[in-house]
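Below: the structure, in structure tokens.
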Amino acid sequence: MRRYDPTEIEPKWVERWEAEGLYGAAEDPADERPRFYMLDMFPYPSGDLHMGHLEAFSGGDVIARYRWMRGDNVLHPIGWDSFGLPAENAAIRRGTPPADWTYANVEQQAESFRRLGFSFDWTRRLHTSDPEYYRWTQWLFLRLFERGLAYRKKAPVNWCPNDATVLANEQVIAGACERCGTPVERRDLTQWFFKITDYAQRLLDDVDELTDWPDRVVTMQRNWVGRSDGATVTFRIDETGDEVEIFTTRPDTLWGVTFFVFAVEHPLVQTLAERGGTWERVRPLVERIRSTAVAVREVGETTEGEPLGVHVVNPVNGERVPCFVAPYVLMEYGTGAIMAVPAHDQRDFEFARAHDLPIRVVIQPEGEERDADAMMEAHDHDGVMVNSGPFDGERSPESIANVTAWLEAEGRGRSTVTYRLRDWLISRQRYWGAPIPIAHCERCGEVPVPDDDLPVPLPEDVDFQPGGESPLARHPTWKKVTCPSCGRDAERDTDTMDTFVDSSWYYFRYCSPGYEDGPFRREDVDRWMPVEQYVGGVEHAILHLLYSRFFTKALYDMGLVGFTEPFLRLMNQGQVIFGGASMSKSKGNIVEPMPLVARWGADTARLMILFAGPFEDDIDWQLIAPDPEKRPGVTSWLGRVFAAVGEATEREKPDPDGLVRMTHRTIRGVTEDLERFRFNTAISKLMVLTNEMRSALDAGEGARAAAEALTSMLAPFAPFAAEELWREVLLHGSSVHVSSWPSYDPSLAAEDTVTLVVQVDGKVRDRVEVEASASEERCREMALASDNARRAIGDREIRRVVVRPPRLVNVVTTS
RNA sequence: GGGCGAGUGGCGGAAUAUGGCAGACGCGCAGGAUUCAGGUUCCUGUCCAGGCAACUGGGUGGGGGUUCAAAUCCCCCCUCGCCCACCA
């Protein structure tokens, strides 16, 4: 009999599978198998693989292998999201180029992936930091630029005055620079944006197609786009005659306006304050808020603010109300000015109370009398309009539409839709990213680099130390170019692109690896995509997925692809944590999978993490980690599988009837579980089958058919052990991973006898074996014949007998 | 503040989609066999209380409801987690 020794068998199969080229997706047009694109979110090469990678990629690999065995032509590619800030930080720390650190980590992760036995098609491997990849990132930028979807405008950035450098939000810790601890300031720089807001409505509408995405991700996408329906209303400044627009979702509260508030950045603030004679008091507030870095500006005092000394006239009733400037009004949303209705908006309410401003109730909740003086909080729900001139008595929410229609008819306002979504700021004042392929010419302005000149390469002789401008801007010669349009001296744009741009299209590139005439071939992409199954962390539930959806829609509009949503099904694995907290270097609680693999094998590591619980749930490694001195439970199970399959091959006898039925039931159950990502219960069913085989073998029976089926079903989960058994013990000529998924006979999978539960008044009193086909009448008889049931009934009268054949009978008595 | 999700043995979890035997499967633990010993492997037991047992009673965060029947459906509350948060 063969002992199970993972460290001996696993490296052998890694070599043989690669030599056999087992996992390539077939591009033969005559191949009529259904295509299945199984996409894992590609990793960032920040070191060796961590437990999160193990879980995510193990899940993806199970699906890919299962689909192969179901007869699909599977595309299961791998690549690296290899641009980004950590490489630059490592470069500063170690004084080596970001590329060295990055590609060393990539190689280590690639080696670990191989050792884990993932079924990747390595011929499609990509890295976003390779010139042959970012060439096409730049090409796509230019296509967006041509269509007006990439543009520049001023935007605030986080600035460290000590390092003289721009900081990403993640580099700002508690309002200070993560490197030197200096408080971060705000600066306004000209930045590149993608006009994702043009797609806001489509991004919202099309989530309805994403029926196989987790609900919470769909909800997050919806909330992030954040559509608000309301009205724009124009107010006039009494003292100056300036007109100011506001946006409101509650035009039905217009008669309750008792003051008016501007954002500190609003362009009229200084003029109005000077006119109102308040600039002396307003100025410090404005300057303080304006210089506060974005990453630092938090939810503050709702009541902070200063009067401007001027008034606006309410267009619905001609009332004159005072104007304020306050940080609780944001320039980025709506119009940067609001009408304040303290009776019906909590923030306005708090501000009014703090500044002793009047509060007027104009929406009464049904059947109540609200007294403004007695109110403890705003009433922001539905109700009946009062004190609202012609609209008294109207009920919200219908009143909102009526008031809006009236505003439009009267020319005092218009129906407006506002989105929370902002344009995507894609420029980074950083080195390790794809350079923005634009030249700045004094005469011609922003001039795109011609496609034939792509890629705009990153220079290698660069100073990474912080200070002054970005590393590319400091380079002595790199930025000097001749204008592609007029031929005069011009300068390259020295910003690089957000790494989210790189990751917004990588799944298209996998379809056309090495293609040199574009980012991808349309027929390749239309053949393989949309992605059938996408697997990755929920931390990408918003940005990465939204940006990818935006890219796909933009590419569709350009005629480059034939579909508008990139990912049909999405599955988010849970996080792997330790001791209730996320693993991190600073906490020193990182557990890496590869030492576990070295000791017990990849199959053990994969099974441990997949058996630990539902795929979407978090796993606390501290709770499932075995005693390091002891053999993990799943390893012992594989040992028992080896023993059982080995013994089964030595038997001449056929499988006993009970084992045959169990085998068919297991095939049915595991198949159903795999369709629903229920890896933990699938594995438990395989364990049950193993136990059943053991019993049969111990009873001197055969188990050969069960051994074949078990080995097949084990293949997606423990590919090495299954392959060893398949080829070396069951002696098949080719790999289990290209064999067929076992099928089941429904009549054999059905149970022949079942346990009939006999209840009296809802309490279980007996269990009786009946044939699965037992009739209602037969079940009733069996139940009433039960001694235990009769004893429980006693002398009480039977009022009713509920029969659910063949599983349950409930005898209801008079008690 | 808003949104979403989750609370089941000593532990991870199963049963929740479709109301019908709560605790599958595994870990751990206890006892036994093998072993010089540790580890390995195998067998038995393991929700709580009472009982030698048959069995009886209780039990899925708390409270209420619907139902012959609720871990599962409905309402209220508590706790925890995640996401978004001055969005007018």
Side-chain angles (χ1 to χ4, degrees), chain A residues 3 214-220 222-224 226-228 230 246-250 253 261 263 297-302 304 326-330 332-341 344-348 350-351 380 418-422 538-539 541-542 574-575 577 580 607-608 611-614 616-627 629-637 639-640 643 676 678 680-688 690-691 694 698 755-767 788 791-792 799-804 807-813:
Chain A
R3 257 195 74 246
D215 288 345
R216 68 179 162 152
V217 176
V218 169
T219 305
M220 280 193 253
R222 252 195 211 110
N223 293 344
W224 194 259
R227 176 180 164 128
S228 286
I246 60 98
F247 171 75
T248 178
T249 54
R250 293 297 301 272
T253 64
V261 191
R297 188 165 161 183
E298 285 169 20
V299 180
E301 269 294 302
T302 312
E304 187 178 19
Y328 85 87
V329 175
L330 304 175
E332 303 84 51
Y333 186 77
T335 63
I338 63 153
M339 65 177 204
V341 186
H344 306 296
D345 179 281
Q346 187 59 24
R347 292 150 306 165
D348 297 347
E350 286 165 26
F351 193 88
D380 50 12
T418 304
Y419 300 92
R420 211 193 72 110
L421 183 68
R422 310 282 152 75
V538 74
E539 66 272 20
I542 299 174
Q575 266 197 78
I577 59 176
L607 285 170
M608 272 183 71
F611 186 55
E616 304 97 309
D617 287 8
D618 288 354
I619 292 171
D620 193 329
W621 190 261
Q622 192 177 44
L623 299 178
I624 67 157
D627 184 331
E629 298 305 311
K630 292 185 180 172
R631 194 175 215 205
V634 291
T635 319
S636 302
W637 170 53
R640 287 194 294 277
R676 295 162 59 198
R678 319 257 317 214
N680 56 331
T681 51
I683 293 167
S684 79
K685 288 179 174 84
L686 295 178
M687 290 173 171
V688 172
T690 310
N691 296 343
R694 183 77 263 157
D698 287 348
T755 306
L756 175 72
V757 173
V758 182
Q759 295 180 339
V760 177
D761 294 324
K763 284 185 165 44
V764 179
R765 294 300 176 184
D766 205 358
R767 299 177 174 86
N788 284 349
R791 187 147 24 89
R799 277 170 54 200
R800 189 178 161 192
V801 180
V802 180
V803 185
R804 290 282 174 276
R807 303 237 171 235
L808 180 126
V809 174
N810 188 12
V811 182
V812 185
T813 74

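Letters A, B, ... mirror the listed sequences (proteins, then strands); counts begin at 1. In this text the structure is predicted, and so the values were computed from the model without any measurement.
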Please report the distance separating the C1' of B:U16 from the corresponding atom of B:C77, rounded so that it comes out in whole Å. 22 Å
What's the CG-P distance between A:N810 and B:G19, to the nearest Å? 16 Å
Are A:T249 and B:C87 close enough that a side-chain N or O sits under 4.0 Å from OP1 or OP2? no
Residue mapping more 5' on RNA chain B - nearest nucleotide basis, A:V757 or A:T681: A:T681
Greater than 12 external heavy atoms within 6.0 Å of A:D215's CG: no
Heavy-atom nearest nucleotide on RNA chain B taken for A:P626 and for A:D215; more 5' hit belongs to A:D215
For B:G26, does either OP1 or OP2 sit under 4.0 Å from a side-chain N or O belonging to A:N691? yes
How close or far is atom C1' of B:C55 from atom CZ of A:R791, stated in whole angstroms? 7 Å
Starting from C1' on B:C82, measure out to CE on A:M220 and report it in whole angstrom. 8 Å
Does the pair A:Y328 and A:E304 meet the rule for a side-chain contact (heavy atoms from CB on, under 4.5 Å), with working shown? CA-CA 8 Å; A:Y328 85 87; A:E304 187 178 19; over 6 Å; no
Please give me the minimum heavy-atom distance between A:V760 and A:A792, naming the atom from each residue. CG2-CB, 4.0 Å
Secondary-structure notation, RNA chain B, from Watson-Crick and G-U pairs under 3.5 angstrom (| other strand): (((((((..(((.......[....)))((((((.......))))))((((....))))..(((((..]....))))))))))))....
Counting only side-chain heavy atoms from C-beta out, which of B:C84, B:G26, B:G12 sits nearest to A:A612? B:G12
Check whether any side-chain nitrogen or oxygen of A:R767 sits under 4.0 Å from OP1 or OP2 of B:C21, and answer yes or no. no
Base, sugar-phosphate alone, or nothing: which one does A:W224 contact when heavy atoms must sit under 4.0 Å apart? sugar-phosphate
How many angstroms lie between CZ in A:R694 and CZ in A:R640, if you round to the nearest 0.5 Å? 10.0 Å
Test for a donor-acceptor pair under 3.5 Å between the base of B:C87 and the side chain of A:R347, counting only N and O atoms. no
Distance, rounded to the nearest Å, where A:D620 contributes CG and B:G81 contributes C1': 13 Å
Nearest-neighbour nucleotide for the A:R765 side chain, B:U56, B:A88, B:A14 considered: B:U56
With no angle test and no hydrogens, is the base of B:A88 tied to the side chain of A:R250 by a donor-acceptor pair under 3.5 Å? no
Rounded to whole Å, CG of A:D761 lies from C1' of B:G57 at a distance of 16 Å
Whether A:R347 and A:D345 form a salt bridge (side-chain N of Lys/Arg under 4.0 Å from carboxylate O of Asp/Glu) is what I want to check. yes
To the nearest Å, give me how far apart CD1 (A:I542) and P (B:G3) are. 16 Å
Taking only the side-chain heavy atoms of A:V812 (C-beta and beyond), determine which of B:C68, B:A14, B:C86 contains the nearest atom. B:C68
Inter-residue atom distance A:R807.CZ - A:L756.CG, 0.5 Å rounding: 10.0 Å
Main-chain N/O of A:Q575 paired with A:D618 side-chain donor or acceptor, under 3.5 Å: yes
Is a donor-acceptor pair below 3.5 Å formed from side chain A:R804 to base B:G20, judging by atom type as modelled? yes
Of the candidate nucleotides B:G3, B:A88, B:C68, which contains the atom at the shortest distance from the side chain of A:V329? B:A88
Rounding to an integer number of Å, can you tell me how far A:K763 NZ sits from B:C55 P? 16 Å
Rounded interatomic separation in angstrom, taking CG from A:D698 and P from B:C43: 7 Å
Tell me the closest heavy-atom pair linking A:Y333 and A:F247, and the distance in Å. OH-CE2, 4.0 Å
Nucleotide nearest A:R420 when distance is taken to its side chain, options B:C25, B:A85, B:G39: B:A85
